Number of protein chains: 2
Amino acid sequence: MTRRSTLGARNRGIPEATVARLPVYLRALHTLAERGIVTVSSEELAAAAGVNSAKLRKDLSHLGSYGTRGVGYEVQYLVYQISRELGLTQDWSVAIVGLGNLGRALAGYGGFASRGFRMSALLDADPAIVGERINGLTVEHIDKLEQVIADCGISIAVLAVPASAAQPVCDRVVASGVTSILNFAPVVLTVPDGVDVRKVDLSIELQILAFHEQRKAGGPAGVEQEYLEAVDGS
Amino acid sequence: MTRRSTLGARNRGIPEATVARLPVYLRALHTLAERGIVTVSSEELAAAAGVNSAKLRKDLSHLGSYGTRGVGYEVQYLVYQISRELGLTQDWSVAIVGLGNLGRALAGYGGFASRGFRMSALLDADPAIVGERINGLTVEHIDKLEQVIADCGISIAVLAVPASAAQPVCDRVVASGVTSILNFAPVVLTVPDGVDVRKVDLSIELQILAFHEQRKAGGPAGVEQEYLEAVDGS
DNA sequence: AAGCCTTTGTGAACGCATGCACAAAGTCGG
DNA sequence: CCGACTTTGTGCATGCGTTCACAAAGGCTT
Ligand SMILES: NC(=O)c1ccc[n+]([C@@H]2O[C@H](COP(=O)([O-])OP(=O)(O)OC[C@H]3O[C@@H](n4cnc5c(N)ncnc54)[C@H](O)[C@@H]3O)[C@@H](O)[C@H]2O)c1
Ligand SMILES: NC(=O)c1ccc[n+]([C@@H]2O[C@H](COP(=O)([O-])OP(=O)(O)OC[C@H]3O[C@@H](n4cnc5c(N)ncnc54)[C@H](O)[C@@H]3O)[C@@H](O)[C@H]2O)c1
């Protein structure tokens, strides 16, 4: 007796918006599991994840028919299915390039390991940083990049280098075989087809908040007059 | 002669997707300005920002008619208009709550000040951290939250506290008058209407990358068999 | 065994975002 | 001053994502 419906459902094409929410559901499910909860309805899980329950059900329906009508979803089983879909049943080796303020914080963070991401390599160009031990790992010189990536089987790299170094470093990690990049530098990276880039830009987040904040306070006040003052001339 | 078209255009309702891209355009424009470039076409700016040029033009058209046909956009003028729309012609005071690994990195980052965000207050609950000086600021005890927020006129808070503390801390900063929150803790925050929350979740970013990475390698391999093994029983 | 009750999975409608393609607008050389 | 050329601003079509609403499905009680 196989539990998963063999027909339909598994489209092979999961919408990007759904993929972005699966980790949120997964986190909510883990929290429920810790509390010993065995079964959860779409309504409850949606509330825990902060989304509409119809959206949740549609999202899950892309993975298969894993619920039971009149009951809900079995927490553990759903955890497994989402994990599998996201590729978290295997561990991923990750390299961090740039061990400055931000890189250090990331390297020392425990929340990655618990989700199947192992920080396997730390790389920096600064001789003063190379050799340092952070969270049990030794920082290697960036010249060993190719070697380290091959040795550790790394396919995901985190870039925490200055903006000016980001594209060159990106080119190198891509040339070394990395096909997924998480970029913290405030630049638009150019990569070949087949390489995924996701960016995290904290300044942008603050600017978006500022926009809405300004709206609450009555919208942008500036008129033409102000520009002339601002540029201080003409 | 006023430069900005007085009619239409300024809808007061800028699409959220556009708002999220304006900071990217702004960054590209700053880079161009540094190189001494005075005028830029939508095609060039779009390339620098990594978007489609039609999208760029439509985005900018929401702010007004700031281009010149046959020529393009004046870099400085566009910088000013976007800055004004985003609310960056004024400075914003920001509080950081939680000065652990991540909070420290943020507090020490220079890229915020240059975009009009001043880190005005650092708050933590740990007596060992309170009193410490980071980047010229003294870490205050979380008990002074209300007072500090009022004194510094803070409306934006960054939460870099553990997941378990995030909601309580959130409630407190909201009660103190903060109406915009940037949250790094991996939890869904509940806030009253009128308060904006943006989340940055690095684990989620990695999980999304893992999903696509797995796809490149041939899709999720698991079948029912594997679940039974995984739960190790039954 | 039958009917009631709960909850899923999805069809359909709607709204937002994207990108093409082009007319209108403006520049610039002659 | 004119005509050719460039580039903007936008109408329109298309596709994606969200939400409502409900029939079908399954469990549970009697
Ligand atoms: N710190 C923050 O809170 C923060 C916030 C937003 C964005 N960022 C961005 O994240 C990136 C890192 O920020 P940070 O504060 O850690 O900067 P940082 O200057 O403290 O660290 C950068 C590190 O990269 C290393 N590096 C430089 N060039 C390199 C190269 N070619 N190869 C390998 N390593 C190299 C440096 O030696 C340094 O250790 C920057 O692009 C920054 O704009 C940081
Ligand atoms: N460090 C990372 O790279 C990273 C990555 C992803 C997510 N996060 C998330 O960011 C948050 C912070 O991460 P971190 O690594 O800096 O953690 P951390 O434990 O190093 O720092 C947390 C800080 O918050 C303070 N704190 C705890 N309770 C508080 C309270 N009630 N009021 C005020 N301060 C309080 C602690 O004293 C500590 O200084 C966590 O939620 C974490 O899950 C961190």
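All heavy atoms count here, side chains included; hydrogens, waters and symmetry mates do not. Here the structure is a predicted model, which is why all the values come from computation and not from measurement.
Residue whose closest nucleotide on DNA chain D sits further toward the 5' end, between V71(A) and V71(B): V71(B). Comparing K58(B) and S42(B), the nucleotide of DNA chain D nearest to each residue sits closer to the 5' end for S42(B).
Taking 4.0 angstrom as the limit, N52(A) places none of its side-chain polar atoms (N or O) nearer than this to OP1 or OP2 of dG17(D). OP1 or OP2 of dT19(D) sits under 4.0 Å from a side-chain N or O of K55(A). Considering only side-chain N and O atoms, S65(B) lies under 4.0 angstrom from the phosphate OP1 or OP2 of dG9(D).
Contact footprint of chain B on DNA chain C: nucleotides with an atom under 4.0 Å from a non-hydrogen protein atom, first to last in 5' to 3' order, dA17(C) to dT27(C).
Across all strands shown, A54(B) has heavy atoms under 4.0 Å from base atoms, whether or not it also approaches the sugar-phosphate.
Atom pair Y73(A):OH and dG27(D):P shows a separation of 15 Å (rounding to whole Å applied). As a whole-Å value, the separation of L56(A) CG from dG17(D) P is 16 Å. As rounded to whole Å, 12 Å separates atom P of dG9(D) from atom NE2 of H62(B). Atom P of nucleotide dT6(D) and atom CD of E44(B) are separated by 13 Å, given to the nearest angstrom. Whole-Å rounding puts the E43(B) CD to dT6(D) P distance at 13 Å. Counting to the nearest Å, the C1' atom of dC16(D) and the CZ atom of R21(A) are 11 Å from each other.
Checked by atom type and distance alone, the side chain of R57(A) never pairs as donor or acceptor with a backbone atom of S42(A) at under 3.5 Å. In this structure, Q214(A) contributes its side chain and E85(B) its backbone to a donor-acceptor pair below 3.5 Å. Between the side chain of S41(A) and the backbone N or O of E44(A) there is at least one donor-acceptor pair closer than 3.5 Å. Q207(A) places a side-chain N or O within donor-acceptor distance of the main-chain N or O of S203(A), the cut-off being under 3.5 Å. Q167(B) places a side-chain N or O within 3.5 Å of a backbone atom of T190(B) that can act as its donor or acceptor partner.
Between V169(B) and R172(B), every side-chain heavy-atom pair lies at or beyond the 4.5 Å cut-off.
Closest heavy-atom contact between L45(B) and V40(B): N-CG2, 3.7 Å.
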